[in-house]
Amino acid sequence: MSPAPGGRVLSLDTLLRVRRGLRTPGPVLRLPVPDGMTAPLGCDAIAVPARLGPPVMPRLPRVGCVYADETHWWWLVPSDSDHALEWPAPACYVTGALVPDLPELPDLIHRPDGSLPYTPPIPLYLALCRETGTAPSWSRQVSA
């Protein structure tokens, strides 16, 4: 890594946070953590087109809170679940579980037993890779 102006080294974490800060503000809603549940690791969300929701659900060993409307399904995951992962298109990683451009919150269609709202991100990532025909990022050939 080369130092940034002023001699400071920028890490990937710093660059990720800068990228997140560049998003344009607009009307957004936050997917709520249901009453009686806690999110000690923070909350982000993975959004996918609604057609992908039903085939992904049975592939998961544990399903956390899932919200849905006619066009998208959202899974709550721990914050920073995009670290070192390139989520397959058309999945969209949503920082802070903020969903832009919706007139109202989607419906909670699945609530897990227990107090944690999370779907484990790695099994969700692998299920989405399988459904979209995308190789996981760590198994892709690296070109020189």
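- Annotation: side chain of Pro90 is in contact with side chain of Leu52 (closest heavy-atom distance under 4.5 Å).
- Classified by interplanar angle (parallel below 30°, tilted 30° to 60°, perpendicular above 60°), the ring pair Trp87/Tyr125 is perpendicular.
- Taking each heavy atom of Pro78 and Thr119 in turn, the nearest pair found is CD-O, 4.1 Å.
- For the atom pair Leu108 CG and Trp74 CH2, the distance stands at 12.5 Å (nearest 0.5 Å).
- Nearest heavy-atom pair across Glu131 and Val56 is CG-CG2, 3.6 Å.
- How far CZ of Arg59 is from CG of Leu124: 12.0 Å, rounded to the nearest 0.5 Å.
- Shown here for Cys43 and Tyr118, the closest heavy-atom pair between the two residues is SG-CE2, 3.8 Å.
- Contact detail for Arg51 and Pro54: the closest heavy-atom pair is O-CD, 3.9 Å.
- Side-chain atoms of Pro106 and Trp73, non-hydrogen and from C-beta on, never get closer than 4.5 Å to each other.
- Summarising the geometry, atom CG belonging to Leu85 is positioned 11.0 Å from atom CG belonging to Leu128; distances are rounded to the nearest 0.5 Å.
- Judged by distance alone, the side chain of Asp44 and the main-chain N or O of Asp80 form a donor-acceptor pair under 3.5 Å.
- Linking ILVMFWY side-chain heavy atoms closer than 4.5 Å, directly or via other members, places Met57 and Leu116 in two distinct hydrophobic clusters.
- Heavy-atom minimum distance, Ala50 versus Asp69: CB-O, 4.3 Å.
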Check your understanding: Given the rule in the side-chain contact (heavy atoms from CB on, under 4.5 Å) test, do Trp75 and Leu60 qualify, once you have shown the distances and angles that lead to the verdict?
Key -> CA-CA 11 Å; Trp75 277 268; Leu60 300 172; 3.7 Å; yes
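- Between Val33 and Tyr67, the shortest heavy-atom distance links the atoms N-OH, 4.4 Å.
- The structure places CZ of Arg111 at 7.5 Å from CG of Asp35, a figure rounded to the nearest 0.5 Å.
- In this structure, the side chains of Pro112 and Met37 come closer than 4.5 Å at one or more pairs of heavy atoms.
- In this structure, CG on Leu29 lies 9.5 Å from CG on Asp101, to the nearest 0.5 angstrom.
- Leu31 and Leu41 fall into different hydrophobic clusters, where Ile, Leu, Val, Met, Phe, Trp and Tyr are joined by side-chain heavy atoms under 4.5 Å apart, directly or via other members.
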